[in-house]
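Just so you know, these numbers use all the heavy atoms, side chains as well, and skip hydrogens, waters and symmetry mates. Because the structure is predicted, anything quoted here is derived from the model rather than measured. Residues: numbered from 1 along the sequence shown.
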Amino acid sequence: MCRISATGESAGVISSRALVLASTALSGLIFPSVASAQNISSSGTTDFTLTNVGTISGGPRTIDVTTSGGNIDINVATVNINNNPMNNPSNVLGAGIAATNSGPGTIVVRAVTVTATGSGGSNAIDARATTGTITVNATGVVNASGNNTDRGINALSGGGNININANEVNGQTRGISTGSNGGTFFSTGTTTIMSGTTTANGTGTINAIVGQGARVVINSGTTSNTNVAGNQGTAIFANAGSGGVLINAGTTTALGQNQAALQVFSNGVVDVTSGTTRTTQNSDGLSIQSGTDIVVRSTAISNEGTNGGFGLVLGGNRGGGGFNGGPIGFGFPSAPVTGGSSTPAARFGPAFFSTPNGAGTTSITTNNITTTGDNARGVYVAPIGTGVINGSSSISNTGLLQTSGQNAHGIEFGGSGGALTVNNSGTITTTGASAFGINVLNQAGTVAIDNSSRITTSGVAPRGVSVVSTTGNITINAGTTTAAAATGVFAQTGGLATVSAIVANGGGNGNSGVSATGGTGVNLTIGSASSNGTSVTDPNTNIVTRADAVFAAATTGAINAAIGSANATGASADAVRLLANGTGGAVSATITGTLTSISGSGISA
């Protein structure tokens with residue numbers, strides 16, 4: 001065993017010499033050698049212990065310990081390293097504290113302050129083990145800022161546990177980084193990172209925290225990629241095997257291009273709780289790229305960029321962090337997502353984007369969402385690649401969801417073979433052209449939409465609620481829905497269409513308050529409906545799109561309608577028009593209020 005205990009400057013031994021400890025047959029001896037730095041170096045086969053409450057300064061590797069048979073225990077107060085061409089002509093990797101255990105033993109590093117400077121690349125703390133546990137406890141400040149490749153804390157394991165507890169860590173390419181040292185790293189062991197403040201300040205691909213292992217647990221306070229010149233990095237990156245990922249993040253910021261504030265890849269469960277997330281440019285807030293059962297809770301997401309950033313992503317083949325992108329859509333048994341406020345990038349980026357290919361269930365709950373760019377949807381769920389969504393999906397908006405760009409739908413669902421439920425108890429408002437309040441496309445499963453509040457669209461051609469299904473039954477409770485220049489409520493399915501509304505208003509030529517087409521029948525319960533446009537004939541197909549206040553057509557089956565009042569003010573538009581065209585095509589209508597048509601019929605059947 002080699003043991004050093006000192007209390008003074010430079011380990012309290014020789015102020016101008018290096019301490020070289022050879023843990024051989026003379027391992028208990030100290031051999032001083034002339035050097036300009038006060039380095040401590042040991043290479044042996046037994047335990048190594050170092051305790052120092054003073055300051056140790058050196059370079060390019062101030063404390064450099066290797067063992068192949070014992071444990072390493074380093075407990076120091078202040079360590080300084082300067083790595084430059086003068087003291088490192090061979091350009092070896094610099095380190096303030098370097099601990100390497102090539103045997104089965106453990107590594108424990110306790111330090112208050114570690115500072116790495118100089119133009120050469122360095123890790124302030126560097127720990128590498130084979131199968132033993134790595135423990136790093138840094139109670140002060142760990143800083144590596146001399147070279148763009150510098151890392152604050154770097155821990156590599158071949159399959160053992162990694163435990164890092166750090167108060168403040170600053171690096172250039174990475175603040176805190178964990179990774180594989182060969183062996184069974186991604187199948188055994190747990191990586192746990194507890195951090196107060198962690199930053200990556202360099203240029204290029206930077207990561208404030210990288211947590212990797214068979215299981216990854218991260219509990220972070222403030223985590224930041226601070227340089228606007230950063231590119232394709234992540235503030236927090238987690239990559240786990242079947243043990244899964246558990247993250248509780250406070251404030252997470254990723255400045256720069258093509259980044260993510262938090263990104264996860266996992267072969268197991270994913271459980272993420274995120275406080276405030278901020279990104280700039282075409283960067284994502286939270287990006288979950290793979291996993292089995294997924295739970296995400298987000299308080300606030302903000303993207304201050306001008307192009308392409310997403311708020312929260314499940315799947316979507318979104319890369320970042322210097323690592324490959326995720327699969328082209330991935331399946332998971334379940335994915336409940338709870339989101340607070342979200343403000344994504346100005347263009348293209350939805351606040352919430354999910355690609356749940358497979359038979360798993362997806363549940364998204366949102367609060368306040370604001371998007372300002374074209375195609376920047378509030379919530380967007382769709383299959384990707386050749387995938388198909390066969391599981392059930394649930395989307396719930398509880399706050400103010402507002403968009404202002406073209407094609408920036410409030411909620412859009414892009415097609416599924418499973419059941420879909422959409423609940424809106426907040427307010428959905430869109431002002432851009434063709435920006436629907438709720439838009440459901442190519443749905444084969446059942447659809448249930450419940451709006452207990454208000455949906456309003458005021459741009460050109462955006463429907464309030466629109467559901468197009470191939471075979472599934474549709475049930476829409478539209479509440480109060482108003483479209484200034486489109487159909488208020490639109491339902492089209494090969495199955496049964498059931499539509500109810502307190503108020504449904506449509507505007508513009510060829511648009512209705514309510515338009516429902518069912519392959520096997522239509523059921524309507526409408527309080528009041530209105531339209532103000534005229535019918536439109538397509539010059540190429542001669543298909544007429546009517547502007548009736550209430551329009552319903554059944555390919556087969558009956559139409560049952562209970563209507564309070566309906567008002568159509570456009571030319572040739574009926575207040576109510578009900579067409580049952582096929583087998584069983586009876587029409588039953590109950591009118592309790594007033595039907596008004598300027599130049600059409602009050603009711604036509």
Starting from the C-alpha separation in whole Å, work towards a yes-or-no answer on side chain to side chain contact (heavy atoms under 4.5 Å, CB included) for Ile294 and Leu314. CA-CA 9 Å; Ile294 297 171; Leu314 292 181; 4.1 Å; yes

Taking it one step at a time, do Asn201 and Asn227 satisfy side chain to side chain donor-acceptor pair (under 3.5 Å)? CA-CA 5 Å; Asn201 307 310; Asn227 199 323; over 6 Å; no

Stepwise side chain to side chain contact (heavy atoms under 4.5 Å, CB included) test for Ser224 and Thr252: CA-CA 6 Å; Ser224 305; Thr252 309; over 6 Å; no

For side chain to side chain contact (heavy atoms under 4.5 Å, CB included), just list the numbers for Val379 and Thr366, CA-CA rounded to whole Å, side-chain angles, deciding distance to a tenth of an Å, and then say yes or no. CA-CA 9 Å; Val379 178; Thr366 69; 3.8 Å; yes

Full working for side chain to side chain donor-acceptor pair (under 3.5 Å) between Asn248 and Asn219: CA-CA 5 Å; Asn248 190 337; Asn219 192 325; 5.0 Å; no

In sequence, state the C-alpha distance, the side-chain angles, and the governing distance for Val65 and Ser41, and then conclude on side chain to side chain contact (heavy atoms under 4.5 Å, CB included). CA-CA 6 Å; Val65 178; Ser41 177; over 6 Å; no

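Put simply, the side chain of Gln212 reaches to within 4.5 Å of the side chain of Phe185, judged on heavy atoms. Gln289 is listed as a side-chain neighbour of Gln263, based on a closest heavy-atom distance under 4.5 Å. In this structure the side chain of Val217 never reaches within 4.5 angstrom of the side chain of Thr191, judged on heavy atoms. Between Ser119 and Pro85 the shortest side-chain heavy-atom distance falls below 4.5 Å. For the pair Leu93/Arg61, a side-chain contact is recorded, criterion being any heavy-atom separation below 4.5 Å from C-beta on. A heavy-atom distance below 4.5 Å is found between the side chains of Thr55 and Asn80. Using a 4.5 Å heavy-atom cutoff, the side chains of Val79 and Thr113 are not in contact. Residues Val169 and Ser195 form no side-chain contact, since every pair of their non-hydrogen atoms from C-beta on lies 4.5 Å or further apart.
Tested against Asn39, the residues Ile63, Ile56, Thr62 include a single side-chain contact (heavy atoms from CB on, under 4.5 Å) partner, Thr62. Of the listed residues (Asn225, Asn207, Thr279), just one forms a side chain to side chain donor-acceptor pair (under 3.5 Å) with Gln259, and that residue is Asn225.
Side chain of Asn161 to main chain of Thr190: a donor-acceptor pair is present (N/O by atom type, distance under 3.5 Å, no hydrogens or angles). Under a 3.5 Å cut-off, the side chain of Thr273 and the backbone N or O of Arg297 do not form any donor-acceptor pair. A donor-acceptor contact shorter than 3.5 Å links the side chain of Thr178 to the backbone of Val210. A donor-acceptor pair under 3.5 Å is formed between the side chain of Ser180 and the backbone N or O of Gly182. Under a 3.5 Å cut-off, the side chain of Thr277 and the backbone N or O of Leu262 do not form any donor-acceptor pair. Put simply, the side chain of Asn368 never gets that close to the backbone of Gly399: no donor and acceptor are under 3.5 Å apart. Although no hydrogens or angles enter the test, the distance criterion places a donor-acceptor pair under 3.5 Å between the side chain of Asn52 and the main chain of Gly54. Side chain of Ser266 to backbone of Gly291: no donor-acceptor contact under 3.5 angstrom is found. A side-chain donor-acceptor contact under 3.5 Å links Ser283 to the backbone of Gly256. In terms of modelled atom types and a separation under 3.5 Å, the side chain of Thr292 and the main chain of Val269 share a donor-acceptor contact.
Relative ring orientation between Phe237 and Phe265 is described as tilted, the plane-to-plane angle lying within the 30° to 60° band.
Under the 3.5 Å distance criterion, with hydrogens and angles disregarded, no donor-acceptor pair is assigned to the side chains of Asp73 and Thr49. A donor and an acceptor atom, one from each side chain of Thr117 and Asn82, are located under 3.5 Å apart. In this structure, a donor-acceptor pair under 3.5 Å is absent between the side chains of Asn258 and Gln232.
Closest of all the heavy-atom pairs between Thr223 and Ala208 is CG2-CB, 3.5 Å. The two residues Val114 and Ala124 make their nearest non-hydrogen contact at CG1-O, 3.3 Å. Residue Ser122 comes nearest to Ala144 through the heavy atom pair O-CB, 4.4 Å, listed as atom of the first residue, atom of the second, then distance.
In this structure, CG on Asn170 lies 8.5 Å from OG1 on Thr197, to the nearest 0.5 angstrom. In this structure, Arg174 CZ and Thr199 OG1 are separated by 14.5 Å, a value rounded to the nearest 0.5 Å. One finds the OG atom of Ser298 at 6.0 Å from the CG atom of Leu312 (value rounded to the nearest 0.5 Å). With rounding to the nearest 0.5 angstrom, the OG1 atom of Thr135 is 10.0 Å from the CG atom of Asn165. Interatomic distance, OG of Ser274 versus CG of Leu286, reported as 4.5 Å (0.5 Å rounding). Atoms OG and CZ, on Ser287 and Phe353 in that order, are 10.5 Å from each other to the nearest 0.5 Å.
Under the side-chain hydrogen bond (donor to acceptor under 3.5 Å, both in side chains) criterion, Thr188 pairs with Thr184, not counting sequence neighbours. By the side-chain hydrogen bond (donor to acceptor under 3.5 Å, both in side chains) test, Asp150 is found to be paired with no residue, residues two or more places apart in sequence or in another chain being considered. Under the rule for a side chain to side chain contact (heavy atoms under 4.5 Å, CB included), the partners of Asn154 that lie at least two apart in sequence or sit in another chain are Asn123, Asp126, Arg128, Arg151, Leu156, Ser177. For Thr131, there are no side-chain hydrogen bond (donor to acceptor under 3.5 Å, both in side chains) partners two or more places apart in sequence or in a different chain.
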Tell me which donor-acceptor pairs under 3.5 Å the side chains of residues 95-108 have, and how far apart each pair is, sequence neighbours excluded?
from: Asn101; atom 1: OD1; to: Gly103; atom 2: N; distance (Å): 3.0
from: Asn101; atom 1: ND2; to: Gly70; atom 2: O; distance (Å): 2.8
from: Asn101; atom 1: ND2; to: Gly105; atom 2: O; distance (Å): 3.4
from: Asn101; atom 1: ND2; to: Thr106; atom 2: O; distance (Å): 3.3
from: Ser102; atom 1: OG; to: Thr67; atom 2: O; distance (Å): 3.4
from: Thr106; atom 1: OG1; to: Asn71; atom 2: OD1; distance (Å): 3.4

Acceptor/donor pairs from residues 136-143 side chains to any protein atom, 3.5 angstrom cut, sequence neighbours excluded:
from: Asn143; atom 1: ND2; to: Ser145; atom 2: OG; distance (Å): 3.3

